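Predicted model only: the values in this text are computed from it and were never measured. The first residue of the sequence shown is numbered 1, and numbering continues consecutively from there. Scope of the values below: all heavy atoms of this structure, side chains included, with no hydrogens, waters or symmetry mates.
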Amino acid sequence: MALTSFELNARDGRARTGVIRTPRGDIRTPAFMPVGTAATVKGMMPESVRETGADILLGNTYHLMLRPGAERVAKLGGLHRFMNWERPILTDSGGFQVMSLSDLRKLTEEGVTFRSHVDGSKHMLSPETSMEIQRLLGSDIVMAFDECPALPADRARLEESMRLSMRWAARSREAFGDRPGHMLFGIQQGGLERDLREESAQALVNIGFDGYAIGGLAVGEGQEAMFGCLDFAPGMLPEDKPRYLMGVGKPADIVGAVARGIDMMDCVLPSRSGRTGQAWTRRGQVNLRNARHAEDPRPLEEGCSCPCCRSYSRAYLHHVVRAKEMIAGMLLTWHNLHYYQELMAGMRAAIAEGRFAAFEAAFHEGEALGDIERL
């Protein structure tokens, strides 16, 4: 067997389930990747993240190159050992963060020069440096370096940006070289324009990648527009390779994306929501700051097996959220990640058993109910 491979096990409509095999373990798809921006999923121990059902984490090239530095991580045995996560890791290319976080950036054909948001130091990211940083980190899935313009953007800007990203994709492929056991994913761009997405997909397929991401969505265009694009974009990419939708999203976004043929997703939402007193449940979002929970002895979600729901009441969660205690973010992040992984497991089973449409309908019915009645 090849060191890395993708096996599709079942389809139901456009939804797919399968497995990405890597030397560090299998990734069951559809897969949700918790985000470990700076070599940590905020508020969680790595063992706890694994207990929620996560097969793979996402690390961030931009943040890690600035602090603690890719060379230092490599010297200390690579990102897996550094953060105590021995399963697969995907690293993004850094392109999105350069565009959104850094000051005084300058974009050229060569790459992007920018000043660090941490200490103002000057850096250069190009396809070649991004590949080198990700090699030093030792990630299992490496992302090609691209530019991601914020939407809305005019067509000329999207066209120019997409073609630059495709030239960068070819350079990323060349700089990545031959690395058995590691995968390189190309990133489709083109905004919401069907013909630009098609041109981008064709360019990527011609270069040849181990997997393909759909980039440039979930950047302000709204769910309806995103789903409109996902109605055609995944079908432009090879059937026999994983398809990764970057930076998505809310549970309803994830279910809709899987229905449209997406295999992998990542988002900071479950952990970020947890740190702000927000929980995701089968009945939608719950705000633990609300006074209605102050004397509620019930668990956050009946029947949930996570430690938060097994051992703590809504009243306690309300108290620690309002008191800004660290345990609030820890417990709610654990619950949210647990819920997201249960959602993925439910979709994998539904696709395998040919009942995805019923699963999707039940999911939307549950969210429409809203939170349980107040006591």
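- Between His319 and Tyr316, the ring-plane angle classifies as tilted under the 30° and 60° cut-offs.
- Separation of atoms CG (Asp195) and CD (Glu159) is listed at 7.5 Å; rounding is to 0.5 Å.
- The structure places CG of Leu375 at 3.5 Å from CZ of Arg298, a figure rounded to the nearest 0.5 Å.
- A salt bridge links Glu147 to Arg157: at least one charged side-chain nitrogen sits closer than 4.0 Å to a carboxylate oxygen.
- Of the possible donor and acceptor atoms, one in the side chain of Ser165 sits under 3.5 Å from a partner among the backbone N and O of Ser161.
- No side-chain heavy atom of Cys306 sits under 4.5 Å from any side-chain heavy atom of Leu300.
- Atom CG of residue Leu204 and atom CE of residue Met166 lie 4.5 Å apart, to the nearest 0.5 angstrom.
- Separation of atoms NZ (Lys122) and CG (Asp119) is listed at 14.0 Å; rounding is to 0.5 Å.
- Side-chain contact between Tyr312 and Val320 is absent, with no heavy atoms from C-beta onward closer than 4.5 Å.
- A continuous path of ILVMFWY side-chain contacts below 4.5 Å connects Val205 to Ile214, so both sit in one hydrophobic cluster.
- Between Cys304 and His338, some side-chain heavy-atom pair lies under the 4.5 Å cut-off.
- Proximity of a side-chain donor or acceptor of Arg115 to a complementary backbone N or O of Ser121 within less than 3.5 Å is not detected.
- Atom CE of Met124 sits in a crowded spot, with more than 12 heavy atoms from other residues, nucleotides or ligands closer than 6.0 Å.
- His117 has its ring centre less than 6.0 Å from the ring centre of Tyr62.
- By the 4.5 Å heavy-atom criterion applied to side chains, Pro34 and Leu58 are not counted as neighbours.
- Residue Asn336 comes nearest to Gly274 through the heavy atom pair ND2-N, 3.5 Å, listed as atom of the first residue, atom of the second, then distance.
- Around atom CZ of Arg292, more than 12 heavy atoms belonging to other residues, nucleotides or ligands sit under 6.0 Å away.
- When atom types are taken as modelled, the side chain of His80 and the backbone of Trp85 share no donor-acceptor pair closer than 3.5 angstrom.
- Scanning all heavy atoms of the two residues, the minimum distance from Pro127 to Ser172 falls at CB-OG, 3.6 Å.
- Crowding of Arg72 atom CZ: a count of heavy atoms from other residues, nucleotides or ligands under 6.0 Å not exceeding 12.
- Closest of all the heavy-atom pairs between Ser126 and Phe145 is C-CD2, 3.7 Å.
- In this structure, Met83 and Ile89 approach most closely via the heavy-atom pair SD-CD1, 4.0 Å.
- Taking the side chain as every heavy atom from C-beta outward, Asn84 and Glu47 approach each other to under 4.5 Å.
- Shown here for Thr37 and Leu64, the closest heavy-atom pair between the two residues is O-CG, 3.9 Å.
- With rounding to the nearest 0.5 angstrom, the NE2 atom of His318 is 10.5 Å from the OG atom of Ser313.
- Formation of a donor-acceptor pair under 3.5 Å by the Thr29 side chain with backbone atoms of Gly18 is found in this model.
- Between Phe32 and Pro270, the closest side-chain pair of non-hydrogen atoms falls below 4.5 Å.
- Across Thr4 and Pro23, no two heavy atoms sit closer than the pair CG2-CD, 4.0 Å.
- Contact of the Ile351 side chain with the Val258 side chain is registered, since non-hydrogen atoms from C-beta on lie closer than 4.5 Å.
- Under the 4.5 Å side-chain heavy-atom criterion for ILVMFWY residues, a single connected hydrophobic cluster contains both Met226 and Met265.
- Side-chain atoms of Ser273 never come within 3.5 Å of backbone atoms of Ala279 as a donor-acceptor pair (strictly under, hydrogens ignored).
- Using a cut-off of 4.0 Å between Lys/Arg side-chain N and Asp/Glu carboxylate O, Glu295 and Arg374 are scored as not salt-bridged.
- Between Asp55 and Arg87, some side-chain heavy-atom pair lies under the 4.5 Å cut-off.
- Under a hydrophobic clustering in which Ile, Leu, Val, Met, Phe, Trp and Tyr are joined whenever their side-chain heavy atoms come within less than 4.5 Å, directly or via other members, Leu57 and Leu337 fall into the same cluster.
- Between the side chain of His335 and the backbone N or O of Trp280, at least one donor-acceptor pair lies under 3.5 Å.
- Between the CD atom in Gln278 and the CZ atom in Arg289 there is a gap of 9.0 Å [rounded to 0.5 Å].
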Indicate every side-chain donor-acceptor pair of residues 177-191 with a distance under 3.5 Å to a residue at least two apart or in another chain.
| unit_1 | atom_1 | unit_2 | atom_2 | d |
| --- | --- | --- | --- | --- |
| Arg179 | NH2 | His182 | ND1 | 3.4 |
| His182 | ND1 | Ser139 | O | 2.8 |
| Gln188 | OE1 | Arg197 | NH1 | 3.1 |
| Gln188 | NE2 | Arg197 | O | 3.1 |
| Gln189 | NE2 | Asp146 | OD2 | 2.7 |

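- Side-chain atoms of His63 never come within 3.5 Å of backbone atoms of Ala39 as a donor-acceptor pair (strictly under, hydrogens ignored).
- Checking side-chain atoms of Ser271 against main-chain N and O of Lys42 turns up no donor-acceptor pair under 3.5 Å.
- Hydrophobic clustering (ILVMFWY, side-chain heavy atoms < 4.5 Å, transitive): Leu269 and Val219 are in one cluster.
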**Prompt:** Should Met65 and Thr129 be marked as a side-chain contact (heavy atoms from CB on, under 4.5 Å) after you check the CA-CA gap, both sets of side-chain angles, and the distance that decides it?
**Reply:** CA-CA 10 Å; Met65 72 178 274; Thr129 55; over 6 Å; no

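- Under a hydrophobic-cluster definition in which Ile, Leu, Val, Met, Phe, Trp and Tyr are linked whenever side-chain heavy atoms come within less than 4.5 Å, directly or via other members, Leu79 and Val49 are assigned to the same cluster.
- For the pair Arg171 and Glu174, the salt-bridge criterion is not met [side-chain N within less than 4.0 Å of a carboxylate O].
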Can I get a per-line list of side-chain donor-acceptor pairs under 3.5 Å for residues 228-257, giving both atom names and the distance, sequence neighbours left out?
| unit_1 | atom_1 | unit_2 | atom_2 | d |
| --- | --- | --- | --- | --- |
| Asp231 | OD1 | Arg260 | NE | 2.9 |
| Glu239 | OE1 | Arg11 | NE | 3.2 |
| Glu239 | OE1 | Arg11 | NH2 | 2.5 |
| Glu239 | OE2 | Arg243 | NH2 | 3.2 |
| Arg243 | NE | Pro234 | O | 3.3 |
| Arg243 | NH1 | Gly261 | O | 3.4 |
| Arg243 | NH2 | Pro234 | O | 3.4 |
| Arg243 | NH2 | Leu237 | O | 3.3 |
| Tyr244 | OH | Asp266 | OD1 | 2.7 |
| Asp253 | OD1 | Gln223 | NE2 | 2.8 |
| Asp253 | OD2 | Lys250 | N | 3.2 |

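- Distance alone, capped at 3.5 Å, is enough to place a donor-acceptor pair between the Gln134 side chain and the Met143 backbone.
- Panel note: side chain Arg105, backbone Thr113; no donor-acceptor pair is recorded below 3.5 Å.
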